[in-house]
There are 2 protein chains.
Amino acid sequence: MSDSTTVPQENFAQTLADSGLRSTPQREVIYSILLNKRDHPTADEVYARVKAELPTISLATVYNCLETLVGCNLVRAVNFDREPTRYCPNLRPHAHFHDDEAGSTHDIDLPPDLLDRVKAILPPGYNASSIEISFRGRTVPEAANN
Amino acid sequence: MSDSTTVPQENFAQTLADSGLRSTPQREVIYSILLNKRDHPTADEVYARVKAELPTISLATVYNCLETLVGCNLVRAVNFDREPTRYCPNLRPHAHFHDDEAGSTHDIDLPPDLLDRVKAILPPGYNASSIEISFRGRTVPEAANN
DNA sequence: GTGGGAATTAGAATAATTCCAAAGAAACTT
DNA sequence: AAGTTTCTTTGGAATTATTCTAATTCCCAC
């Protein structure tokens with residue numbers, strides 16, 4: 001189930017506990033939904049999916065849980081322009097490509113040295129806590145292995 | 001007034017005309033406001049500044065004009081997380097750094113080859129029309145020349 | 001099994017942006 | 001220069017994503 005990019009289920013509770021937080025059914029299900037279908041769903045989409053398992057969950061809880069997971073680095077939030085925030089359980093360094101035609105978002109793995117080179121452009125005194133590299137455009141199905 | 005990063009006033013009308021658009025007082029003033037103070041203002045901030053010169057302008061027009069200028073590549077829109085969109089007349093390749101403490105946004109010039117290297121990570125079939133590299137964090141005044 | 005902090009819930013509120021329909025210029029046409 | 005078309009602006013309503021709030025519920029420690 002887990003690969004090098006994600007936190008295995010058994011560490012999930014621990015990671016939360018490390019931040020003084022509890023593992024709850026809502027948090028677990030939401031995290032598993034993100035692992036299950038890696039299509040960068042929005043909060044609304046997560047809400048729709050989680051209701052199948054927890055029919056009484058509220059949208060506010062979905063937002064709360066997602067924010068919590070982002071806060072303890074179990075999940076990354078991805079933003080494109082004025083689009084709703086999307087969520088991604090891939091913790092490996094990667095960029096994002098947003099296909100404007102399809103509306104879909106894809107992970108693009110980053111060569112490890114490249115992230116370092118990008119970080120290196122910051123002048124002294126600029127202390128970055130996060131970096132985001134994002135592309136927008138079209139994917140050409142014929143040309144891609146896709 | 002203009003430098004290598006911006007469009008000189010005399011080309012402004014032409015650039016609009018190339019897209020079948022007119023140069024209007026509202027568009028001109030808004031563009032000059034962006035040139036004048038390069039602090040990445042939001043639409044609201046532009047609105048406040050433009051009212052000094054055009055007191056009857058509406059917020060909708062500010063949004064319209066900014067979108068128009070972005071559309072014909074006179075201006076770039078910059079987004080950070082869920083913050084309001086900011087606008088920037090710097091057309092040179094550059095990244096953005098958002099200082100969470102001060103709420104300010106800074107341009108970070110990109111070495112020309114770096115943008116190419118970043119573009120090169122895209123698999124075949126991924127056709128990017130725009131790239132954005134953005135940092136969030138703090139700036140440390142003591143360490144910076146700033 | 002009771003008290004207290006944490007978490008969830010539903011709904012109201014907010015903030016940024018977009019939509020809409022009407023009124024106002026500007027530019028072509030003849 | 002009047003008429004027509006097209007582009008632009010305007011104010012206000014509407015929309016969308018998200019956050020806030022207050023009330024309940026849950027869970028663990030005592």
Side-chain angles (χ1 to χ4, degrees), chain A residues 12-31 33 40-51 53-72 74-75 77-87 98 100 103 105, chain B residues 12-31 33 40-51 53-72 74-87 98 103 105:
Chain A
F12 180 79
Q14 188 54 52
T15 304
L16 285 165
D18 291 346
S19 305
L21 301 168
R22 299 177 190 158
S23 182
T24 66
Q26 288 88 343
R27 289 172 180 167
E28 289 164 14
V29 171
I30 285 174
Y31 185 59
I33 277 169
H40 303 80
T42 64
D44 262 333
E45 287 165 352
V46 171
Y47 181 47
R49 292 176 200 177
V50 76
K51 272 196 289 195
E53 265 189 85
L54 302 171
T56 66
I57 199 172
S58 79
L59 180 57
T61 301
V62 173
Y63 274 101
N64 287 343
C65 291
L66 288 170
E67 189 190 329
T68 299
L69 298 180
V70 170
C72 49
L74 287 159
V75 164
V78 185
N79 287 286
F80 284 98
D81 283 28
R82 300 286 82 209
E83 304 223 328
T85 302
R86 297 174 174 279
Y87 298 89
H98 186 77
D100 287 322
T105 299
Chain B
F12 181 80
Q14 188 54 52
T15 305
L16 284 164
D18 290 346
S19 304
L21 302 168
R22 298 172 190 162
S23 182
T24 67
Q26 290 87 344
R27 288 173 182 166
E28 289 164 15
V29 171
I30 286 175
Y31 185 58
I33 278 168
H40 303 81
T42 64
D44 263 332
E45 287 164 351
V46 172
Y47 181 46
R49 293 177 199 177
V50 77
K51 272 196 290 194
E53 266 190 85
L54 303 172
T56 65
I57 199 172
S58 80
L59 180 57
T61 301
V62 173
Y63 274 102
N64 286 344
C65 291
L66 289 170
E67 189 189 330
T68 299
L69 298 180
V70 170
C72 49
L74 288 160
V75 163
R76 273 180 70 182
V78 185
N79 288 285
F80 284 98
D81 284 29
R82 299 287 84 207
E83 303 223 330
T85 301
R86 297 173 174 279
Y87 298 88
H98 187 76
T105 299

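Below, chains carry the letters A, B, ... as their sequence lines are ordered, and counting in each starts from 1. As the structure is a computational prediction, the values presented were derived from the model and not from experiment.
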Counting distance only, does the side-chain N/O of B:Glu45 pair as donor-acceptor with the main-chain N or O of B:Thr42 below 3.5 Å? yes

Let me know the distance between CG of A:Leu66 and P of D:dT18, rounded to the nearest Å. 10 Å

5' to 3', nucleotides 7-21 of chain C under a 4.0 Å protein heavy-atom cut-off (B base, S sugar-phosphate only, - none) gives SBBBB----SBBB--

Without swapping roles, check the side chain of B:Arg27 against the backbone of B:Arg22 for a donor-acceptor pair under 3.5 Å. yes

Tell me: CD of B:Glu28 to P of C:dA25, nearest whole Å? 16 Å

Hey, does the side chain of B:Thr68 reach the backbone of B:Asn64 with a donor-acceptor pair shorter than 3.5 angstrom? yes

Can you check whether B:Tyr87's main-chain N or O pairs, donor with acceptor, with B:His40's side chain at less than 3.5 Å? no

When rounded to the nearest 0.5 angstrom, what distance separates OG1 in B:Thr105 from CZ in B:Phe80? 5.0 Å

